[in-house]
> 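Structure provided below as structure tokens; questions to follow.
It should be emphasised that the depicted structure is a prediction, and the values quoted were computed from it without experimental measurement. Note that ligands are numbered from 1 as they come in the structure, with each ligand's atoms numbered from 1 the same way.
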Amino acid sequence: MNRKNILTGDNSKSLLIPEMNETYHSIHGAKNESEHIFIQNGLMPQLANAEVRILEMGFGTGLNALLTLAQTLDKSTPIIYDTFEKYPIYLETIHEIDHPGQTNLESFRQKFELLHTIPWNESKQISANFIFTKYACDFLEAKLKTDYYTIIYYDAFAPQFQPDLWDYPQMQKLYDSLVTGGTLVTYCAQGQFRRNLKQAGFTVAKVAGPKGKREITLATK
Ligand SMILES: C[S@@+](CC[C@H](N)C(=O)[O-])C[C@H]1O[C@@H](n2cnc3c(N)ncnc32)[C@H](O)[C@@H]1O
């Protein structure tokens, strides 16, 4: 897959797939977007749980994982972070976009490197409370644990490029994998996607989006 580095509106970097004209993050600010959607609306409301189990669809550049690690390092809550990726990115590209340097998280450089270099499909302890596993697979074929996850960071490419990933059968699979009270959070606010979530049993809320995006979706089991 051909990818081009881009600088986004908050000076953090991201990647563009020129053939699709699709970016990994918002051009208005990659860090700002991830922080607003996944950390503030996904992670923070769930941190009071005794343990927080996160499923991320689309590890990509590892920005969501980095921000989650940074946000939870000084907390005692155990964090289980399972992420899925079908098209891994070369380490050289990861170094070029330099998330730790460009997002003011220089002190996490070593841990961020670990996220990218540990073997796929093996669980590793990254910090005292953070257990991380990245699965190299097509998420459409992934078998998920039932009633297990606390939060789903749903970060696939947009529905026009990957309709199957936003379709009802996937939403049912995700619903089944969450605990009651668990949430799915995503940048996508498409109407058909929201109807698919409702059909699967989710309670769906519209939440104000980050800069450049009016609304995002927060769905609760
Ligand atoms: C919008 S980007 C995610 C950005 C990522 N969360 C980050 O912080 O950089 C979408 C990601 O989903 C991955 N992806 C696309 N289709 C997939 C599939 N069927 N199974 C697993 N991963 C997939 C892409 O390779 C890409 O890394």
> Got a second to check how far Ile216's CD1 is from Lys206's NZ, nearest 0.5 Å?
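Ile216 atom CD1 to Lys206 atom NZ measures 13.0 Å (nearest 0.5 Å).
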> For ligand 1, which atoms, with element, lie under 4.0 Å from some heavy atom of Leu165?
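Selected atoms, number and element: 16 (N), 19 (N).
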> Can you pull out the closest protein heavy atom to atom 20 (N) of ligand 1? Residue, atom name and distance to 0.1 Å, please.
Phe139 N, 2.8 Å
> Between Ala156 and Leu165, which heavy-atom pair has the shortest distance, and what is it?
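Smallest heavy-atom distance, with atoms named: CB-CD1, 3.9 Å.
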> Out of curiosity, is Ser14 lining ligand 1, as in a heavy atom under 4.0 Å away?
no
> May I ask you to check if ligand 1 and Met57 share an N or O to N or O distance below 3.5 Å?
no
> Are Tyr154 and Tyr187 close enough that their ring centres sit under 6.0 Å apart?
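Distance test on ring centres: not under 6.0 Å, no.
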> Taking Ser12 for its side chain and Lys31 for its backbone only, find out whether a donor-acceptor pair lies under 3.5 Å.
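Between the backbone of Lys31 and the side chain of Ser12 there is a qualifying donor-acceptor contact (under 3.5 Å).
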> Quick test: of every protein heavy atom, which one is nearest to atom 9 (O) of ligand 1, and how far off is it to 0.1 Å?
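Atom 9 (O) of ligand 1 sits closest to the protein heavy atom Thr61 OG1, 2.5 Å.
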> Looking at atom 19 (N) of ligand 1, what's its closest protein heavy atom, distance included?
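The closest one turns out to be Asp138 OD1, 2.8 Å.
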> Considering Asp155, Thr23, Thr186 one by one, which has a heavy atom nearer to atom 4 (C) of ligand 1 than any of the others?
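Answer by nearest heavy atom: Asp155.
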> For atom 22 (N) of ligand 1, what's the nearest protein heavy atom and its distance?
Lys86 N, 3.1 Å
> With heavy atoms of Asn64 as the reference, note each atom of ligand 1 found under 4.0 Å away.
6 (N), 8 (O)
> Touching ligand 1 at all, Pro88? Heavy atoms, strictly under 4.0 Å?
no
> Using the six-membered ring of Phe139, assess whether NZ or CZ of Lys173 lies under 6.0 Å from its centre and within 45 degrees of the ring axis.
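Satisfied, under 6.0 Å and within 45°.
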> I need the minimum non-hydrogen distance between Pro100 and Leu66, along with the two atoms involved.
N-CD2, 4.2 Å
> Tyr81 and side-chain hydrogen bond (donor to acceptor under 3.5 Å, both in side chains): which single residue from Glu56, Arg53, Lys134 fits?
Glu56
> Quick one: does any side-chain atom of Asn129 pair with a main-chain N or O of Thr77 as donor and acceptor, under 3.5 Å?
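Here the side-chain-to-backbone pair exists.
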> Return the closest protein heavy atom for atom 16 (N) of ligand 1 as residue, atom name and distance.
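The closest heavy atom on the protein side is Gln162 NE2, 2.8 Å.
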> Do Asp176 and Thr146 get their side chains close enough for a donor-acceptor pair, meaning under 3.5 Å?
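Distance-only check fails for Asp176 and Thr146.
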> Looking at atom 5 (C) of ligand 1, what's its closest protein heavy atom, distance included?
Gly58 O, 3.2 Å
> To check your reading of the model: name the closest protein heavy atom to atom 7 (C) of ligand 1, its residue, and the distance in Å.
His25 NE2, 3.3 Å
> For Thr93, which residues count as a side-chain contact (heavy atoms from CB on, under 4.5 Å) partner, sequence neighbours excluded?
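Only Asn5, Leu15, Ile89, Tyr90 meet the side-chain contact (heavy atoms from CB on, under 4.5 Å) criterion with Thr93.
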> With heavy-atom distances below 4.0 Å as the criterion, list the atoms of ligand 1 near Cys137.
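That gives atoms 20 (N), 21 (C) of ligand 1.
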> Does the residue Thr83 have a heavy-atom contact with ligand 1, meaning some pair of atoms that are separated by less than 4.0 Å?
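Distance cut 4.0 Å: Thr83 fails for ligand 1.
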> Does only the side chain of Ile89 get under 4.0 Å from ligand 1, or the backbone, or both, or neither? Count heavy atoms.
neither
> Please work out, at 4.0 Å between heavy atoms, whether the side chain, the backbone, both, or neither of Met1 comes within that distance of ligand 1.
neither
> Between Phe59 and ligand 1, find which residue part has any heavy-atom pair under 4.0 Å and reply side chain, backbone, both or neither.
backbone
> Whether Arg194 and Glu215 form a salt bridge (side-chain N of Lys/Arg under 4.0 Å from carboxylate O of Asp/Glu) is what I want to check.
yes
> Starting from atom 25 (O) of ligand 1, find the nearest protein heavy-atom neighbour and note its residue, name and distance.
Glu85 OE2, 2.4 Å
> For residues 108-119, tabulate all N or O donor-acceptor pairs below 3.5 Å that involve a side-chain atom, not counting sequence neighbours.
from	atom 1	to	atom 2	distance (Å)
Arg109	NE	Glu106	OE2	2.5
Arg109	NH1	Asp98	OD1	3.2
Arg109	NH2	Asp98	OD1	2.8
Arg109	NH2	Glu106	OE1	3.2
Arg109	NH2	Glu106	OE2	3.3
Glu113	OE1	His95	NE2	2.9
Glu113	OE2	His95	NE2	3.1
His116	NE2	Thr61	O	3.0
Thr117	OG1	Glu113	O	2.8

